[in-house]
Structure formats: structure tokens, C-alpha cells
Amino acid sequence: MKKIMLLKSLLMASMLIAPIFAEAGSESIYFMMQGLVTSYGGNTAFGWCGTYGEVGEWAVALVAWAPGIPPTPPEEPPTNFTYSFYAANLTNALQVELNYSGADLYISGLWNVYNITFAYEITENSFTYNLTIKPVVEAGEGTLVVTGNWAVFTVAIIGIDEVSGIVLHHCVKSEEAIPIGDISGISGVPDNNIDIFDLVHTAKAYGTTPGIEGYEFSIDFNFDFTIDIYDLTTIAVNLGEHY
Amino acid sequence: MSKRKIVSLITFAIFFLFLGTLVHKTTVAVNIGSSTTTIYVDPQTSLGIIDQNFTVNINISDVVDLYGWEFKLGWNATILDVVDVREGSFLKSSSDTFFTFKVNNTAGYILADCTLLGNTPGVTGNGTLATVEFHVETFGECILDLYDTKLVSSTEQPITHATIDGYYYTSVHDVAVINLVASESNINVTVENQGTHTETFNVSTYYRLLTDPLIGTQTITLELGAKTTLTFAWTPPTSGRYKIRAEANIVPEETDTADNTHTITIYVNQQDSNSETAENTHLATFVYFLLAATIIIPGLLRKKKKPIKTLTIYFKHYSPNNVRNIWNDLLRQQVI
């Protein structure tokens, strides 16, 4: 009888205390990370990884990579060529945590992976291309993990080899979401400001596609493989923001 | 030639050679005609009218290879609102551009950005980056503050530059009569231009006796903030109390008209040039009453004579046949 009374007391106490802790832990925490892909399946690779979201709520993650080293600048005059790469995007975030299981950032969920090929035909002053998108993984389980005190990242998706790389820039802050668009600055690297340097960096690549000089996955904010008005507008919305 | 002379000559030669080198270096080091890239508000001073709009350009001068720009422009949000921001022709005359802006009329600032598109060289020279249209909400003045300006070249490098702010004030037409002094011969009217424009207007003076005859009218031109005193000569037709009025005619768009008229009262006495003749009047009155008192009052104080009564008294006088004695007695009775 005494044990039952004690258990009931503890249960009631926890019901009173839990809301207090819940109230204290309800503060929103936002994160952002940008990195360069350096390895695919243990072999040299190049590419880009970007993710942002709210801890415990949602996340966006995009990874694009290709085996080998970055291509050299095209010949003069450039000739027809093809450009292939892999692209993975997180379609459904199931778990988004900071400082979880030894990781600085842990995201698990469902991913789509595609093999994308641009077949370019070069004309005198312009180019056209034929785009091919082949699904590799559809709604596959996978994780994005950042470790080493925000030094390296690893993307592990069932159905493909592991992708890894180094972190270039990251931010964790509470209360306010981190504005999108900081991809450059006076020194050519993200500087925690969304300003004309970000706009100019993106505008210089205006109209480019993967494989064309100037294109960068980091400025393809809607991941449609074209640097266009949508990418400029994404920056414009956040101009003047500082985080 | 002696050794000493030869050494002196060589020394002088070396000295002048060295001097020439210095002059040459100095001449080479002078940089004539250097210029600084500048972003500035044009016109530097703007004049607006309440409930109307005005525009300013954000211009740039002496820039090389400009690919993108950004600026913030601040103002007093109580006085002004921004109604539109339009891209200037400087970049878009060269190539396609992307232009965007944000307006915060509560805090009183705008943020504007513009960039060329694609792999194209930047623009060099002078021109207009943007045009900002304001609406004047109320009277006042403020700085049009250009700040957080950024210029980026085609190589994504910052371009060093200077900035020059603008200034705004609300247009006011206002003249006033600020002082009026009159004598028996002259009327001095001090008028002041309290507005923001040079004004040409009439100043008239009047006196009131039975009607308001015009004393005179003078036409003057006053720079903004200036004042002057005008003199009107006049001859009062008679002594008495006069109301002198000075009027500055209402200039176009003037709303503060209460101070365009000034009125004073003066007293004119022909024998005393001093317009204040009240003292003399009081003195004359006092003398008059004093004289009257010296004449009237003693008269009032003198005793009254009793009226003479006739009394006939008969009495016996035993003097035989002394008619004269009888007559004397009668006379004595009358006197008493």
C-alpha cells in the first residue's frame, strides 16, 4: 500500500514538473551547414552538401556530387560534351537532432537519389542541352551526420555508397530562422550577411547549368540545376539580414 | 686649376645632379587630376510642399567596372514617406540587370540592390543608380542619409568610394511685420522674411482717424531669413489719438497671415513734438483749477451783510424849537 502511494505521488509530481521542463525546452533552435564533397564510396569525388532546418521539427538537405576531380575549363572554342553527376535530396525528415549519438548534427529520413546527365551542344555564342534524370533511390532511408565539432559530414543512404566531405560553414542559433542566401562576402566566403556580394556571386552565374563554367550547386537554391531568377529572388527576399 | 677648385666644382656638380634628381622625382610623384568614386544624393538639397511628391536621384561618379551596388537611404519618417523606387539607367544601359528594393516607412529607410547578369564586364563612368520618390507628410526638415553603401566589381571585389548625403526641407512662404514705431513725422515698419523663398511684396501703412487714409506703400524684395526697416514719412492732419497700421501683403501660398499686420496707437500734439502730450494736458488743467479756486473760494468765505431796515421812531426832545435835533435823532435810528 505504501509503495502504491509512493508511486502515485511520484507520478503526480512528474505530471506537475514535466510541463515546466517542456516549457523551458520549447525554444526553437535552427541550424545551417554548407560543405564540400570529397569522397564517394571511399574514392575521390567533388561536389557540394547543404542543409538547414529546425531541430526536432524539419530539415532540408541537398547533396550533389560526381566521382573524380572537378572538370577543367572547356577548350576554346568549346566542343560538345556531357556532364553527369548524382543528386540526393531529403524528402521526409524523420529525426533532426543536435548533439545526438556522438554527432554534432544528426538527420535521418527518406531520400531520393538521381543520376543526372547534361548533354551539351555548343553553338557559336550559346549552348543547348539534353537533360536526362535517372532515379537511383526513391524514398530510401538514410542519414546525414556531422561530426568532429562541425568539421566533417557523412551521408549514408541505403542503395548507394557513402558520401562524405568537409564542412565549410555552419551556424546554430535560437529563436529566429537562419536566412538563406549567404554564399559569399567581401572575402569570397560566407560572412553571416545577406548582401550585394551574395547577389553578385549568383548573378555572375546567371543562366548557367551544371558543367557550364560559373555554375555552383551552392547558389542553386531551388536545386533545379539552373541559376535563374528564382535563385536571385531567394537572396533578394533576405537582403539586409544578418545572422 | 688648383685641387681645391676642382674638388669644389665636383661637389657643386654632384649637388646639382642630386637636386635635379629630387625635382624629377617630385615632378613624377605628383598625381594631377585624381578622383574618388562617389555615391551621392542629387539634388543635394530638396524642397517639398506638404501633400506633394518630389524625387531624388542616387547618382554615382568616377566608378570603374561596377557590376553590382547596394545602398540604404534613411530619412525622418514623420516628415516623409517613400512611394516608389526605380532603377536608374547606369547598369541597365549596359546589360540585363536584376533590381530589387525594400521600403520601411515606419523606420524611415529603404534598401536597394542591383546587379548585372551573366559573365559580362562591369560599367565605368557616371550615372544614376536609382530614383527615389518621396511624399511630403508634414512640415519639417531632415537629412537624406546615404549609408551601408556597397559597390562590387565584376571580379567580386569591393570598390572603395565616398558618399554624400542629401538634405530636405518643406517649402514655406511667410512674411511678417515684426515691429512698428511711429512719430508725428515718420513711421518705421520692420518686416522679415520667415519663409524659405525670396519674396517680393508690398508694405503699406495706414492711420485711422475718421477713415483709414493710406500713408504710403513700398515694394521690397527680401531673401529668406532677412529683415529690414522701411520708413514712411507722414503729416498728421490734426492733433489727437491715431491708430497706425502696417500691412505686408499676403504672398502666394502663404498660410501664416496673422503676423502680416501690426497696429499701434500714438498721440499727436501739434505744440509739442513729443507724441506723448498727456502730461502737458494735465498741467494745464491743474493751473486752471488753481486759478478758479483762488477767485471763487474767498468769495464763499466772506460774511453776509444784514439787510437795512427802516424804523421810524418818534421821541420827545425838549429843546425848544430845535428841528435840527429831531432830524439828527431820526438819522441815528436808521443807521443802527
Side-chain angles (χ1 to χ4, degrees), chain A residues 73-74 76-78 122-127 179-209 211-216 218-222 226-242, chain B residues 37 39 58 60 63 65-74 82 85 87-88 90-92 94-104 106-123 129-130 146-161 163:
Chain A
E76 292 292 341
I122 307 301
T123 60
E124 187 175 341
N125 294 316
S126 180
F127 61 87
I180 304 302
D182 181 23
I183 43 84
S184 186
I186 290 179
S187 303
V189 295
D191 60 355
N192 293 38
N193 292 305
I194 318 297
D195 60 14
I196 187 64
F197 287 94
D198 305 299
L199 206 62
V200 166
H201 187 76
T202 304
K204 285 183 66 63
Y206 192 82
T208 60
T209 49
I212 298 299
E213 187 179 3
Y215 177 88
E216 297 174 13
S218 62
I219 56 178
D220 191 356
F221 297 103
N222 61 345
T226 300
I227 307 303
D228 53 18
I229 188 68
Y230 299 102
D231 306 300
L232 290 174
T233 303
T234 299
I235 298 175
V237 167
N238 294 315
L239 277 170
E241 296 291 335
H242 172 79
Chain B
T37 300
I39 305 177
I58 307 302
I60 192 165
V63 68
D65 188 32
L66 180 66
Y67 191 96
W69 55 260
E70 174 179 296
F71 69 81
K72 286 183 181 173
L73 182 69
V82 161
V85 183
E87 182 184 357
F90 186 64
L91 287 186
K92 69 180 180 183
S94 167
S95 181
D96 292 336
T97 58
F98 176 83
F99 171 72
T100 183
F101 67 92
K102 295 180 180 179
V103 179
N104 187 331
T106 303
Y109 76 92
I110 62 168
L111 169 65
D113 290 74
C114 187
T115 177
L116 292 169
L117 296 176
N119 187 18
T120 184
V123 181
L129 301 181
L146 208 52
Y147 66 105
D148 284 355
T149 55
K150 299 174 185 175
L151 302 178
V152 186
S153 70
S154 64
T155 57
E156 300 185 48
Q157 296 302 308
I159 299 175
T160 304
H161 59 278
T163 60

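Each chain gets a letter, A, B and so on, in the order the sequences are listed, and its residues count up from 1.
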Measure A:A236 against the heavy atoms of chain B and call it side chain, backbone, both or neither at under 4.5 Å. both
Quick one: what part of A:S187 sits under 4.5 Å from any heavy atom of chain B, side chain, backbone, both or neither? neither
Measuring from atom CZ of B:F99 to atom CG of B:L91, what distance do you get when rounded to the nearest 0.5 angstrom? 10.5 Å
CD1 on B:I60 to CH2 on B:W69, rounded to 0.5 Å: 9.5 Å
Sort B:L111 into side chain, backbone, both or neither according to what part of it lies under 4.5 angstrom from a heavy atom of chain A. side chain
Looking at every non-hydrogen atom in both residues, tell me the closest pair between A:I219 and A:G214 and how far apart they are. CD1-O, 4.3 Å
Based on non-hydrogen pairs under 4.5 Å, which of A:V200, A:I227, A:I229 is most in contact with chain B? A:V200
Among the options A:T208, A:I186, A:L239, A:L199, pick out the one with the most heavy-atom pairs lying under 4.5 Å from chain B. A:L239
Neighbour count >12 (heavy atoms, 6.0 Å) for atom OH, A:Y230: no
Atom CG of A:N192 with >12 non-hydrogen neighbours under 6.0 angstrom: yes
Heavy-atom pairs under 4.5 Å with chain A, option from B:D113, B:T115, B:D96 with the top count: B:D113
